[in-house]
Number of protein chains: 2
Amino acid sequence: MVEVSTPLRDTATRMLDVAERLVQQRGFNAFSYADIAAELGVTKATLHYHFASKAALGSAVIDRYALRFFEALAAIDARGGSAEERLAGFVDVYANVLRDQRMCLCGMLAADQLTLPDSMKAPVLEFFDRTVAWVASVLERGVADGSLAPIGSVTEAAKTLVWSIEGAMLVARAYDDVPSFERAATQLIQALVRR
Amino acid sequence: MVEVSTPLRDTATRMLDVAERLVQQRGFNAFSYADIAAELGVTKATLHYHFASKAALGSAVIDRYALRFFEALAAIDARGGSAEERLAGFVDVYANVLRDQRMCLCGMLAADQLTLPDSMKAPVLEFFDRTVAWVASVLERGVADGSLAPIGSVTEAAKTLVWSIEGAMLVARAYDDVPSFERAATQLIQALVRR
DNA sequence: GTCTATAACGAGATAGAC
DNA sequence: GTCTATCTCGTTATAGAC
C-alpha cells in the first residue's frame, strides 16, 4: 500500500528541482542554500542533511538532468521517423527548456567550468560527448538514406550542430526570444539537408 | 614632454585589464575586488576609489571591450578582401580570445544575464546587435557578388552565425579545444558559401 | 591615490536538541 | 528529518588618515 500522506515530492527531490532551475537560470555561482531554503520553506541545515555540500548537490543535479535528457533523446529514437524529423525533435527538447527561461544546464555549467568543484567538471563534458554522439548517429542515418549531406565528417558536423545550438540558446535566452532560437536552429539543420 | 616615470598602465587601466580577464574566464559572479587587489598588489579600498561599485566596473569593462572589438571588425573592413575572407577574419578575432582561455566577454555575460546589475544588461544585448549587423553587412556583400548564398534572410543568417560561434566558443573553452572551435566555425561559414 | 580599519551582510557548513 | 544556533570566511562598500 502506498503511503498517501507522503508529500508528492520529498525534500531531496524538491531541492534538486529548485537547484536545477537556479543553475539553469543563474549559474552555479549565483545561487545559495539560502535561496533554496526560502523557496522550500525549510532551513539551510535541512538542506545540508540531504546534500552535505554544494558540490554534492551540483553533481546530483547534473546526474538527474543527464538521465532525463538522454531519456528524451531515446524517446525520439523510439518514435522513429526520418533523420530530419529526429533533429527537429532534438531542437524541440532545447526549445522547451528555453521556453521556461532556462539555459541548457550543461551549457550554463560550461560557462562556469573554471570555477566548478572538480567533481562536476568531467560530467559536464561527458554530457556534450554523449549528446554529440547521439546527433552523429542521427546524421549517419541521414547520410545512409541520402537525405542529409553534412559538410565535413559526421562527427564534426554533429559537434558543430550541438555547440551551435548551445550558443543560440545562450544568446536567445538573454533576449528572451524563443522564436529567434527556433529560426536559428532550423537554419542549422537546413545546412545539413541535401539540396 | 611625456612623464617617463608614469607606469605603463595606470591603476584604473590595469584594473580593467584584470577584471575583463576574470569576467571572461570566471563570469561576473565568480570574481571579487579582493582577486583584483591581490593581483595588482593594492588594497580593495584603492580599487573602490577608481570604480566605486562592481556594477560601475562591469559597465566600464563592457564599454572598453566593445570599443576594441568593433575596432577589430572595422580593421577587417579596412583590409578589404572577399566576404569569405572577412568572415574568416571575424572568426579569427574569436579564436584569438579563445587561445587565451577566455570566453567572449558578452557571451559570458549573456550566461550571467539574470543576475547582472541592471546597468549592464542592455549593453550586452547591444554588443550582439552590433555584431550581427556587422556580419549581415558582410553577408550582403557576399550575396551581391554571388559568392555567398545564405539560407534565409541575410539578417537571420548573420544571427545564426554569431550566436552559433558564441556557442562553439563556450563549449570549446570547456574542453580547452581551440582546433575544434576553428573546425566548427569553418563549417558554419562553409554552409553560407554558394556551392 | 593609496592606505588601515571596519561595517554590514551573505556564503557554506556543522553541532546538537527535538 | 528538521530545527536553532553558531562558526568562519568572503563579499561589497565606506570612513578617514596619510
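Residue numbering restarts at 1 for every chain, and letters A, B, ... go by the order of the sequence lines. This structure is a prediction, so every number in the text was calculated from the model and none was measured.
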Note to self: Going by salt bridge (Lys or Arg N to Asp or Glu O under 4.0 Å), name the pairs with one or both residues in residues 130-159 of chain B, residues two or more places apart or in two chains.
What the structure shows: A:Arg183-B:Glu156
Over how many whole Å does the gap from [X] atom [atom1] to [N] atom [atom2] extend?
X: B:Leu47; N: D:dT14; atom1: CG; atom2: P; value: 14 Å
X: B:Arg14; N: C:dG1; atom1: CZ; atom2: P; value: 13 Å
X: A:Lys54; N: D:dC9; atom1: NZ; atom2: P; value: 19 Å
X: A:Phe51; N: D:dT2; atom1: CZ; atom2: P; value: 12 Å
X: B:Leu57; N: D:dT11; atom1: CG; atom2: C1'; value: 14 Å

Next item on the list: May I ask you to list the residues of residues 26-35 of chain A, by number, that have any heavy atom positioned under 4.0 Å from an atom of DNA chain C?
Entry: A:Phe31, A:Ser32, A:Tyr33, A:Ala34
Between [X] and [N], is there a side-chain N or O to OP1/OP2 distance below 4.0 Å?
X: B:His48; N: D:dA15; answer: no
X: B:Tyr49; N: C:dT2; answer: no
X: A:Thr46; N: D:dG1; answer: no

Check: So does A:Arg102 pair up with A:Glu20, basic N to acidic O under 4.0 Å?
Finding: yes
Check: Would you find a donor on one side and an acceptor on the other, under 3.5 Å apart, between the side chain of A:Tyr94 and the backbone of A:Met169?
Finding: no
Note to self: So if I take every side-chain heavy atom of B:Thr11 and compare against D:dA5, C:dT2, D:dT12, which nucleotide ends up nearest?
What the structure shows: C:dT2
Next item on the list: Please tell me which of the listed nucleotides, C:dT2, D:dT4, C:dA11, lies nearest to the side chain of A:Lys44?
Entry: C:dA11
Note to self: Within the structure provided, determine whether B:Leu16 and B:Phe51 are in side-chain contact (heavy-atom separation under 4.5 Å).
What the structure shows: yes
Note to self: Are the side chains of B:Trp134 and B:Thr131 in contact, using a 4.5 Å heavy-atom criterion?
What the structure shows: no
Next item on the list: Sequence neighbours left out, what passes salt bridge (Lys or Arg N to Asp or Glu O under 4.0 Å) with B:Asp92? Give chain and number order.
Entry: B:Arg99
